Amino acid sequence: MKRILVILLTLTLVLRIQVSAQTVPLEIFAGDSKATLDLLLMRNLKRADETKSHFLFFTRSSVTLDYKENSHSNLPQFALTEALSYNIKSWKGFAPVTVVQIFNRGTFLKAGIQYLRQRSQFTLFSWAVSDLSNQPAFDIFVVTRFTPAITDKLHLYSQLELLNSWPTQLEGNTSYTQRIRFGIKQSQVQFGLAMDLTEVGKEKFTSTLNTGLFLRYEF
């Protein structure tokens with residue numbers, strides 16, 4: 001567990017340097033059955049003259065710790081996602097994207113189409129990608145965030161995230177993940193209620209529900 005925390009803290013520092021002091025959001029979610037640490041960053045890479053390039057870099061690192069963890073089961077789960085897309089204004093938010101994902105169970109290379117729509121109080125980011133292996137899976141990832149103003153210094157914070165995966169092999173499992181965050185945003189801090197729901201299976205699905213509180217801070 002200590003090694004995982006060191007990895008996350010090191011990654012936070014590295015990303016902080018790479019994005020030239022732009023914000024790096026880190027979320028802590030304390031649920032009724034699990035706790036998660038989640039670091040998500042999305043930024044345009046810069047050219048030599050410090051202007052934004054057409055390349056958009058997305059990175060996400062997360063660790064899930066089960067309260068029932070022991071030396072043989074319910075071990076910590078680590079996930080790292082790195083994505084690079086090429087965005088041109090005339091494409092109206094659509095862009096080709098390449099995704100690399102590293103999990104406890106292995107490494108996966110994926111490619112497909114990305115969509116991004118971003119405003120001051122609204123963000124919609126998604127992609128549809130396919131695994132490039134011999135037994136590919138088709139993934140759709142969506143994260144949408146809405147932060148309307150309540151007062152000059154206080155905002156509502158709402159976020160919905162979906163990650164659905166469909167196998168191309170008959171013996172493979174389909175998985176659906178929904179993550180909901182709802183709370184308050186004040187300056188660099190966001191906090192409130194959270195829920196993670198995962199369903200995995202074919203004809204019969206096994207569901208895992210984790211509810212609790214989240215705290216998100218933009219370094």
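This is a predicted model, so every value here is computed, not measured.
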Could you please spell out the steps behind the side-chain contact (heavy atoms from CB on, under 4.5 Å) verdict for Thr81 and Ile102?
CA-CA 6 Å; Thr81 299; Ile102 303 173; over 6 Å; no

The ring pair (Phe, Tyr, Trp, His ring centres under 6.0 Å) partners of Phe55 (sequence neighbours excluded) come to Tyr86

Test Thr51 against Asp49 for side chain to side chain donor-acceptor pair (under 3.5 Å), laying out the working first.
CA-CA 6 Å; Thr51 59; Asp49 60 0; 2.6 Å; yes

Is any side-chain heavy atom of Leu26 less than 4.5 Å from a side-chain heavy atom of Asp38?
no

Specify the closest pair of heavy atoms between Trp91 and Pro96, including all atoms of both residues, with the distance to one decimal.
CZ3-CD, 3.6 Å

Establish whether Leu37 and Leu75 are linked, either directly or via other cluster members, by ILVMFWY side-chain heavy-atom contacts under 4.5 Å.
no

Between atom CD of Glu69 and atom CD of Gln77, what is the distance when rounded to the nearest 0.5 Å?
10.0 Å

Quick one: side-chain hydrogen bond (donor to acceptor under 3.5 Å, both in side chains) partners of Asp32, sequence neighbours excluded?
none

Residue pair Leu109 / Thr98, side-chain heavy-atom distance below 4.5 Å:
yes

Show me the donor-acceptor pairs, under 3.5 Å and distance only, between side chains in residues 146-160 and residues at least two apart or in other chains.
| unit_1 | atom_1 | unit_2 | atom_2 | d |
| --- | --- | --- | --- | --- |
| Thr151 | OG1 | Lys153 | N | 3.4 |
| Thr151 | OG1 | Leu154 | N | 3.1 |
| His155 | ND1 | Thr147 | O | 3.1 |
| Tyr157 | OH | Arg145 | NE | 3.2 |
| Tyr157 | OH | Gln159 | OE1 | 2.9 |
| Tyr157 | OH | Arg216 | NE | 3.4 |
| Ser158 | OG | Phe146 | O | 2.9 |
| Gln159 | OE1 | Arg145 | NE | 2.8 |
| Gln159 | OE1 | Arg145 | NH2 | 2.9 |

Give the other cluster members for Leu213, using side-chain heavy-atom distances under 4.5 Å between Ile, Leu, Val, Met, Phe, Trp and Tyr residues; answer none if it is isolated.
Leu193

Check which hydrophobic residues are tied to Phe108 through side-chain heavy-atom contacts below 4.5 Å, counting indirect links as well, and list them.
Phe103

Those residues that, when tested against Trp166, pass side-chain hydrogen bond (donor to acceptor under 3.5 Å, both in side chains) (two or more places apart)
Tyr176

Approximate separation, where rounding is to 0.5 Å, of Thr177 OG1 and Leu163 CG
5.0 Å

Can you find a heavy atom in the side chain of Gln178 that is under 4.5 Å from one in the side chain of Asp196?
no

side-chain hydrogen bond (donor to acceptor under 3.5 Å, both in side chains) partners for Arg117, two or more places apart
none

Across all chains, not counting sequence neighbours, the ring pair (Phe, Tyr, Trp, His ring centres under 6.0 Å) partners of Phe182 are none

Correct closest heavy-atom pair for Gln188 and Phe219 would be NE2-C, 4.4 Å

Which pairs count as salt bridge (Lys or Arg N to Asp or Glu O under 4.0 Å) when at least one residue sits in residues 130-143, sequence neighbours excluded?
Lys110-Asp139

Give a yes or no on whether the backbone of Phe78 and the side-chain of Asn104 come within a donor-acceptor separation of less than 3.5 Å.
yes

With Glu27 via salt bridge (Lys or Arg N to Asp or Glu O under 4.0 Å) - residues at least two apart
Arg181

Rounded to the nearest 0.5 Å, the CG atom of Asn87 sits from the CG atom of Asn44 at a distance of 6.5 Å

Which residues pass the side-chain hydrogen bond (donor to acceptor under 3.5 Å, both in side chains) test with Asn70, sequence neighbours left out?
Ser73

Shortest non-hydrogen contact from Val129 to Gly112?
CG1-N, 3.8 Å

Are Leu39 and Tyr217 connected, step by step, through hydrophobic side chains (Ile, Leu, Val, Met, Phe, Trp, Tyr) whose heavy atoms are closer than 4.5 Å?
yes

Pairwise side-chain contact, Leu197 with Arg179, heavy-atom cut-off 4.5 Å (strictly under):
no

Would you call Pro167 and Thr174 a side-chain contact if the rule is heavy atoms closer than 4.5 Å?
yes

Here the gap from Thr208 atom OG1 to Lys34 atom NZ, rounded to the nearest 0.5 Å, amounts to 5.5 Å

Using a 4.5 Å cut-off on heavy atoms from C-beta on, say whether the side chain of Phe138 contacts that of Thr168.
no

Check step by step if side-chain contact (heavy atoms from CB on, under 4.5 Å) holds for Phe29 and Asn210.
CA-CA 10 Å; Phe29 172 28; Asn210 191 33; 3.4 Å; yes

Going by heavy atoms in the side chains, are Leu116 and Met42 under 4.5 Å from each other?
yes

Exactly one of Leu45, Leu56, Val99 should register a side-chain contact (heavy atoms from CB on, under 4.5 Å) with Leu84. Which one does?
Leu45

Measuring from atom CZ of Phe191 to atom NZ of Lys185, what distance do you get when rounded to the nearest 0.5 angstrom?
12.0 Å

According to a hydrophobic-cluster definition based on side-chain heavy atoms being under 4.5 Å apart (Ile, Leu, Val, Met, Phe, Trp, Tyr only), do Val142 and Met195 belong together?
yes

Could you walk me through whether Thr59 and Leu80 pass the side-chain contact (heavy atoms from CB on, under 4.5 Å) check?
CA-CA 8 Å; Thr59 182; Leu80 174 64; 4.3 Å; yes

Who pairs with Phe125 by ring pair (Phe, Tyr, Trp, His ring centres under 6.0 Å), at least two apart in sequence or on another chain?
Phe58, Trp127

Please confirm whether the backbone N or O of Gly31 pairs with a side-chain atom of Tyr67, one donor and one acceptor, at under 3.5 Å?
yes

State, yes or no, whether a side-chain contact exists between Val143 and Leu124 at a heavy-atom distance under 4.5 Å.
no

Look up atom CG in Asp66 and atom OG1 in Thr36, then write down how far apart they are to the nearest 0.5 Å.
12.0 Å

